[in-house]
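As structure tokens, the structure follows; a few thoughts come after it.
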Amino acid sequence: MTTPEPQGSGMPQTPPPFPQYQGHGPGLPPSQPGGLTPKRAAGLAIAALVVGIAAFLFGLIPVFGALVGIAAIILAVLAIRRQQSKGLAATGLVLGILATLSSVGTAAGLGALFSSDEVRQAAVVAASPTPVQEQESPSTEPAAPESEEAAPAEAAPAQPDVPADFTSALNKAESYSELMHMSKAGIYDQLTSEYGEKFSPEAAQYAVDTVQVDWNANALAKAKDYQSSISMSPDAIRDQLTSEFGEKFLPAEADYAMAHLND
């Protein structure tokens, strides 16, 4: 009787191959086999940098530069929240802030400049007397010597013939004469100047020809102002009164002023 050989005799059996692990390596995310770190998108960070550079270039333009700067700031904040490239996002954020501050500062400076000009013009207007007060004096002067009641009725129709701008120029001429003691030529130049009242030459000529002013008295008042305020010599005062770059008084008016300077 033949004895069966034990199963352990003969050729050694090859162990079954090691089953390959179908999962992923320890500590590796399922989406990245092999241990590679996923790359994060940097689109918002790049956009923040590009818009920040554009905002920095347009920073001196009021309002527009601020709008571009705010856009760069928003893109940079979104990029930082999504953990994109911090270097690009931070650079765009800084450029956006600088552009916004520069644009706002430029706008504020321009606003302050315009407001100062408006305040100066308002002060000049406030210094001049109102048209109602100035128009009362011409109407009362011709009525004083008249004794008949029909005289004011005859003079009334002549008033509408004077244009409104002529009357305004006359009021301004009276104001400059009373407040600043200007000469006839000086008032005319101020009324027609593009930096002054901007009246037409016809209205300005009507004003200086119609205004009731003692030009000798104005020249004397100007001479005393120069003597008391800046201590000018008599010759220098006369030159200033007659100079075309100064007060533009007539030589006869300047002579009257010098003759009564120390009265």
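FYI, side chains are in, hydrogens and waters are out, and symmetry mates aren't considered; it's all heavy atoms of this structure. Please read these numbers as outputs of a predicted model, since none were measured by experiment.
The NZ atom of Lys172 lies 12.5 Å from the CG atom of Leu170; values are rounded to the nearest 0.5 Å. The line from OG1 of Thr100 to CD1 of Ile73 is 4.0 Å long, rounded to the nearest 0.5 Å. With values rounded to the nearest 0.5 angstrom, Asp189 atom CG is found 10.5 Å from Glu244 atom CD. The CG atom of Leu93 sits 12.5 Å away from the CG atom of Leu88 when rounded to the nearest 0.5 Å. One distance of note links NZ of Lys224 with CG of Asn262; it measures 8.5 Å at 0.5 Å rounding. If you take CG on Asp239 and OG on Ser233, they are separated by 8.0 Å, rounding to the nearest 0.5 Å.
Residues satisfying the side chain to side chain contact (heavy atoms under 4.5 Å, CB included) criterion with Ile74, sequence neighbours excluded, are Ile70, Leu78. Listed by chain and number, the residues in a side chain to side chain contact (heavy atoms under 4.5 Å, CB included) with Ala259 amount to none (sequence neighbours excluded).
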What verdict does the side-chain contact (heavy atoms from CB on, under 4.5 Å) test give for Lys198 and Thr192, after you've listed the backbone C-alpha separation in whole Å, the side-chain angles of each residue and the deciding distance to 0.1 Å?
CA-CA 5 Å; Lys198 299 182 181 181; Thr192 57; over 6 Å; no
Check the pair Tyr176 / Gln190 against side chain to side chain donor-acceptor pair (under 3.5 Å), numbers first and verdict last.
CA-CA 9 Å; Tyr176 281 120; Gln190 183 65 22; 3.2 Å; yes
Leu241 and Lys248: side-chain contact (heavy atoms from CB on, under 4.5 Å), yes or no, with the steps?
CA-CA 6 Å; Leu241 292 178; Lys248 299 182 180 181; over 6 Å; no
Walk me through it: do Glu247 and Tyr226 pass the test side-chain contact (heavy atoms from CB on, under 4.5 Å)?
CA-CA 11 Å; Glu247 303 300 335; Tyr226 282 123; 2.5 Å; yes
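Contact check for Ile237 versus Gln240: no side-chain heavy atoms found under the 4.5 Å cut-off. A 4.5 Å side-chain heavy-atom check between Pro201 and Tyr188 finds at least one atom pair inside the cut-off. Using a 4.5 Å heavy-atom threshold, the side chains of Thr210 and Phe166 count as separate. Side-chain contact between Phe249 and Lys184 is absent, with no heavy-atom pair separated by less than 4.5 Å. Under the 4.5 Å side-chain criterion, counting only non-hydrogen atoms from C-beta, Glu253 is not in contact with Thr242.
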Under 3.5 Å, side-chain donor or acceptor atoms of residues 215-222 against the rest of the protein: list the pairs with distances, not counting sequence neighbours.
unit_1: Asn218; atom_1: ND2; unit_2: Ser177; atom_2: OG; d: 3.1
unit_1: Asn218; atom_1: ND2; unit_2: Met182; atom_2: O; d: 3.0
unit_1: Lys222; atom_1: NZ; unit_2: Met180; atom_2: O; d: 3.3

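Nearest heavy-atom pair, Ala204 versus Leu191, reported as atom, atom and distance to 0.1 Å: CB-CB, 3.8 Å.
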